[in-house]
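Notes for the one structure printed next.
Note that the structure is a prediction, hence the values are computed from the model and not measured.
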Amino acid sequence: MAFATETVMNIRERILDIYMHKATGRYGLSDVNQLQHALQSASLAEARGEPQSLLVAALLHDIGHMIHDLGEDPARNGIDDTHEERAAEWLSAYFGPEVTEPIRLHVSAKRYLCAVDPNYLSKLSEDSARSLVLQGGPMSADEVSEFQRMPYYDAAVRLRRYDDLAKNSSAVTPGFEHFLPAIDVALSTGPAA
Ligand code: FE
């Protein structure tokens with residue numbers, strides 16, 4: 001389904017506005033803010049030669065934290081903001097599943113990795129370990145096999161690895177505008193891809 005140019009322009013501007021004005025909050029307990037975290041995630045995906053759709057997913061995976069009014073760190077107050085669902089729902093009006101599904105599954109991917117990789121579990125950051133409890137803890141064996149049957153689960157796991165590494169206060173990345181062409185390509189494909 002093709003969107004009217006105006007609608008596509010609006011969402012592009014809206015995304016830019018969010019990252020330029022609302023992404024200044026600290027990313028969990030890390031030393032980076034949401035904008036740096038987004039740019040590092042997308043840059044790591046780009047360095048690995050991921051498709052443009054996964055660059056966009058990496059860039060926007062935490063937008064769900066910036067489109068609610070539950071405050072800056074709801075997890076601190078024991079509230080799961082379900083940012084992955086919030087983001088996927090919002091973005092699915094404009095982007096295809098190759099962008100929205102890895103985003104929707106990136107929290108499940110953490111629960112998955114905690115179940116299949118003991119090393120991963122032991123290396124979770126303090127805030128990530130805290131939110132894991134709110135998110136349901138490591139997956140059970142049944143949940144693991146169910147997860148592995150989901151389309152885009154492997155892209156979600158890769159996104160999760162970039163997400164986890166994207167907390168480096170000394171990393172240098174391109175600016176947001178570097179990723180605008182990838183956003184435009186994903187928008188031109190639209191939600192029916
Ligand atoms: Fe993240």
Audit row: Trp90, Leu60, side-chain contact (heavy atoms from CB on, under 4.5 Å) steps and yes/no: CA-CA 11 Å; Trp90 192 66; Leu60 305 182; over 6 Å; no
Shortest non-hydrogen contact from Pro191 toward Ser92: CB-O, 3.3 Å
Joint cluster assignment, Val107 & Val133, ILVMFWY side-chain distance < 4.5 Å: no
How far apart are the closest heavy atoms of Ala186 and Val99, and which atoms are they? CB-CG2, 4.1 Å
Nearest heavy-atom pair of Gly64 and Arg86: which atoms, and what distance? O-CD, 3.4 Å
Do Leu187 and Val56 have side chains that get closer than 4.5 Å, going by heavy atoms? no
Under a single-linkage definition using a 4.5 Å side-chain heavy-atom cutoff for Ile, Leu, Val, Met, Phe, Trp and Tyr, are Tyr120 and Leu134 assigned to the same hydrophobic cluster? no
Between the main-chain N or O of Ala166 and the side-chain N or O of His37, is there a donor-acceptor pair closer than 3.5 Å? yes
For the atom pair CZ (Arg158) and CG (Leu44), what is the distance rounded to the nearest 0.5 Å? 13.5 Å
Answer yes if Tyr19 and Phe179 sit in the same cluster of Ile, Leu, Val, Met, Phe, Trp and Tyr residues linked by side chain heavy atoms under 4.5 Å apart, and no otherwise. yes
As an exercise, state the distance from OG of Ser41 to CG of Asp164, rounded to the nearest 0.5 Å. 9.0 Å
Within the distance-only criterion (no hydrogens, no angle test), does the side chain of Glu46 pair as donor or acceptor with the backbone N or O of Leu55 below 3.5 angstrom? no
Measure the acute angle between the ring planes of His106 and His83, then classify it against the limits of 30° and 60° as parallel, tilted or perpendicular. perpendicular
Whether Glu101 and Arg104 form a salt bridge (side-chain N of Lys/Arg under 4.0 Å from carboxylate O of Asp/Glu) is what I want to check. yes
May I ask you to decide if Ala58's main-chain N or O and His61's side chain share a donor-acceptor pair within less than 3.5 Å? yes
Can you check salt bridge (charged side-chain N to carboxylate O under 4.0 Å, His left out) on Asp163 and Arg160, steps first, answer last? CA-CA 5 Å; Asp163 182 5; Arg160 185 73 219 185; 3.6 Å; yes
State, with a plain yes or no, whether a side-chain heavy atom of Tyr152 is found less than 4.5 Å away from one of Leu159. no
Counting only N and O atoms by type, is there a donor-acceptor contact under 3.5 Å from the side chain of Glu13 to the main-chain atoms of Asn10? no
Pairwise side-chain contact, Asp142 with Glu146, heavy-atom cut-off 4.5 Å (strictly under): no
Are Ile183 and Ile103 linked, directly or through other ILVMFWY residues, by side chains that come within less than 4.5 angstrom of each other? yes
Apply side-chain contact (heavy atoms from CB on, under 4.5 Å) to the pair Lys167 and Asp31, showing each step before the final yes or no. CA-CA 7 Å; Lys167 302 174 181 180; Asp31 293 330; over 6 Å; no
Any chance you could measure Leu35, atom CG, to Asp62, atom CG, to the nearest 0.5 Å? 12.0 Å
For the side chain of Ser140 and the backbone of Glu143, is there at least one donor-acceptor N/O pair under 3.5 Å apart? yes
Test of understanding: clusters of I, L, V, M, F, W, Y form through side-chain heavy atoms closer than 4.5 Å, transitively. Do Leu180 and Leu91 belong to the same one? yes
Shortest non-hydrogen contact from Leu132 to Cys114? CD2-SG, 4.0 Å
As an exercise, state the distance from CZ of Arg111 to CD of Gln135, rounded to the nearest 0.5 Å. 8.5 Å
4.5 Å side-chain heavy-atom contact, Ser108 and Phe147: yes
Ion pair present between Arg161 and Asp117, side-chain N to carboxylate O less than 4.0 angstrom? yes
In Å and rounded to the nearest 0.5 Å, what is the OH to CG distance from Tyr162 to Leu59? 14.5 Å
Closer than 3.5 angstrom, by distance alone: can the side chain of His21 be matched with the main-chain N or O of Asp17 as a donor-acceptor pair? yes
Does Arg12 pair with Asp184 as a salt bridge, N-O distance under 4.0 Å? yes
Calculate, to the nearest 0.5 Å, the distance between atoms OH and CZ belonging to Tyr94 and Arg14 respectively. 9.0 Å
Report yes or no: does Tyr112 contribute a side-chain atom to a donor-acceptor pair with the main-chain N or O of Leu105 at less than 3.5 Å? no
For the backbone of Ser128 and the side chain of Lys110, can you confirm whether one donor and one acceptor N or O come within less than 3.5 Å of each other? yes
Scanning both residues in full, the closest heavy-atom pair of Gln52 with Ala182 reads OE1-CA, 3.2 Å
Between Pro102 and Pro97 the two heavy atoms that sit nearest each other are CD-O, 3.4 Å
